[in-house]
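Small disclaimer: the values here were computed from a predicted structure and weren't measured. This chain uses plain numbering: 1 for the first residue, then up along the sequence.
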Amino acid sequence: MERVARPRLHFTPRAGQVGDLFGVLAADGRYQLFYEHLSGQEPAWGYAVSDDLILWTEQAVAAPPAGPGSARCGAVVAGPDGPVLFHTRDGGEVARAVAVPGITGWRQDPAGPLIATPPSGVSEMRDPYVWWAGSGWRMLLGATMRGGAAAVLQYHSADLLHWAYDGVIVSREQAGWSCPRLFPLDGAWVLLVSSGDEVAYAVGGYDGLHFTPRAWGAFGRGRLGPTVTFVDAAGRRCALARLGDAEASPGSVWAGSLSLPWVLSVREDRLIATPHPNLDPYLISGASGLTAAGGEVRDHGELILTMPAGGETVLFADADIVEVAVEGVSGLGVARRTGPTAPGVRFARFGTAPGE
């Protein structure tokens, strides 16, 4: 028997670690989650399914196709014959793999890389993100320019196989970006990037070749990892993220977990997250020992997370995981409980900060 309690609604693998997320697809009335599965020297690729984005069932864990170096994270799209998974290899090559029937394994297609070397002026590129843009496919890559600036590169394709370089859509000095995601929301465009231990966002405009930010902010605070977005069955733009530690706790055969699903919106150039309505049937009101005031979240008096002060604070506790959102404040916060926990998924709301 495991000595570490598993969360009820935060997906965890049977064994191993949840790494970065490739994305979420919808197929045959169900959601499909694709993620890095870390166990041993080389990463594998995990796959889970859900009817409601809340309860996930782990499926086959499969090795990536053989190739030079390790296969790192990227993105997944629905291709004409099933899921197509884009990823980078050591050295920055961009490759793609297609799922075998039943998604029990993957084969490289084509045999060689889609993009073999960085374009001129770029020293490193990573983490492809692919989406359908209405008249063709587009691919973003996180990059480091030769001068050291962070950048997002763009390519385009008509068939998911042959890619042409468009250029740099946005760059910024004194930053390092990975796992870019770009999507339209509430009349604006939003760019999500991982930067070190943080998840950052920008709200702005996108003309197909350039992204022009007009506001930057922090989306992830605490233990929130790289984040993916997708559209659910009701047409809502949603987010899921990797949570947790790099190593298993003593007495545990697993590490890391999936966040709860959140619905995104843009308000006054802030990226706001609110709980997905599918959570409602699973929640137990009240989170004993947890308090929130003035942006400070405490567990039995001990400070475990600091959020910007705002309006009402929404808090979820599941085993030792705490997820937090503050009304009017961008993004999410994630922390680990230090005190006693209660069974079930606990939900609590706290009023506005004093003096506001």
Side-chain angles (χ1 to χ4, degrees), residues 20-28 32-36 42-47 60 62-122 124-143 151-170 178-184 191 206-211 228-231:
D20 290 340
L21 309 182
F22 288 99
V24 175
L25 300 180
D28 301 323
Q32 302 172 328
L33 167 71
F34 298 88
Y35 62 96
E36 276 187 317
E42 295 296 326
W45 292 343
Y47 162 52
S70 297
R72 309 307 302 180
C73 202
V76 64
V77 300
D81 300 313
V84 181
L85 202 152
F86 293 82
H87 56 286
T88 44
R89 294 276 181 179
D90 291 350
E93 290 185 353
V94 178
R96 72 168 225 168
V98 297
V100 304
I103 319 181
T104 57
W106 300 86
R107 62 178 177 85
Q108 199 80 358
D109 179 31
L114 300 175
I115 304 170
T117 58
S120 176
V122 177
E124 183 183 358
M125 59 186 188
R126 64 193 77 86
D127 304 331
Y129 168 61
V130 177
W131 84 100
W132 176 252
S135 59
W137 296 93
R138 290 180 184 156
M139 177 193 292
L140 301 185
L141 287 157
V152 175
L153 314 180
Q154 180 173 290
Y155 289 75
H156 71 271
S157 172
D159 59 6
L160 290 174
L161 283 167
H162 304 90
W163 295 87
Y165 182 52
D166 292 329
V168 175
I169 68 164
V170 65
S178 60
C179 303
R181 296 287 192 272
L182 181 67
F183 52 91
L191 176 69
Y206 173 65
D207 63 6
L209 290 173
H210 300 94
F211 174 75
V228 298
T229 78
F230 59 95
V231 176

I need the Leu191 CG to Phe183 CZ distance, nearest 0.5 Å. 8.5 Å
What one should report as the nearest heavy-atom pair of Ser178 and Arg126 is CB-CD, 3.8 Å
Is there side-chain contact between Met125 and Pro119, with heavy atoms separated by less than 4.5 Å? yes
Could you pull out the closest heavy-atom pair between Arg181 and Gly74, with the gap in Å? NH2-O, 3.2 Å
With Val168, the side chain to side chain contact (heavy atoms under 4.5 Å, CB included) member among Leu153, Val152, Leu209: Leu153
Heavy atoms, side chains only, cut-off 4.5 Å: are Pro43 and Ser70 in contact? yes
Just how far is it from atom NE2 of His87 to atom CD of Glu93, taken to the nearest 0.5 Å? 9.5 Å
For residues Val94 and Met139, determine if any side-chain heavy atom of one lies less than 4.5 Å from a side-chain heavy atom of the other. yes
Between Tyr155 and Tyr165, how do the two ring planes meet: parallel, tilted or perpendicular, split at 30° and 60°? tilted
For Gly102 and Tyr47, the nearest pair of non-hydrogen atoms, with its separation, is O-CE2, 4.5 Å
Separation between CH2 (Trp45) and SG (Cys73), nearest 0.5 Å, reads 9.5 Å
Checking the side chain of Arg138 only, and the main-chain atoms of Trp131 only, is there a donor and an acceptor separated by less than 3.5 Å? no
Is Glu36 close to Phe22 at the side-chain level, that is, under 4.5 Å between some pair of heavy atoms? yes
Would a 4.5 Å heavy-atom cut-off, applied to side chains only, mark Pro83 and Trp106 as touching? yes
Do Gln154 side-chain atoms and His210 backbone N/O form a donor-acceptor pair below 3.5 Å? no
Spacing of CD1 belonging to Ile103 relative to CZ belonging to Phe34, to within rounding of 0.5 Å: 4.5 Å
Using side chain to side chain contact (heavy atoms under 4.5 Å, CB included) as the criterion, point out the one residue from Val76, Asp20, Leu21 that pairs with Tyr35. Leu21
Side-chain contact, heavy-atom cut-off 4.5 Å: Val130 with Val84? no
Intermediate values then yes/no, side-chain contact (heavy atoms from CB on, under 4.5 Å), Trp132 and Val77: CA-CA 9 Å; Trp132 176 252; Val77 300; over 6 Å; no
How long is the straight-line distance from CG of Leu161 back to CG of Asp109, given to the nearest 0.5 Å? 6.0 Å
Could you check whether any side-chain heavy atom of Ile169 comes within less than 4.5 Å of a side-chain heavy atom of Leu182, counting everything from C-beta outward? yes
Matching residue for Arg96 among Pro110, Pro113, Pro65, Pro128 - test: side chain to side chain contact (heavy atoms under 4.5 Å, CB included): Pro110
For Thr104 versus Ala62, what's the shortest heavy-atom pair and its separation? O-CB, 3.8 Å
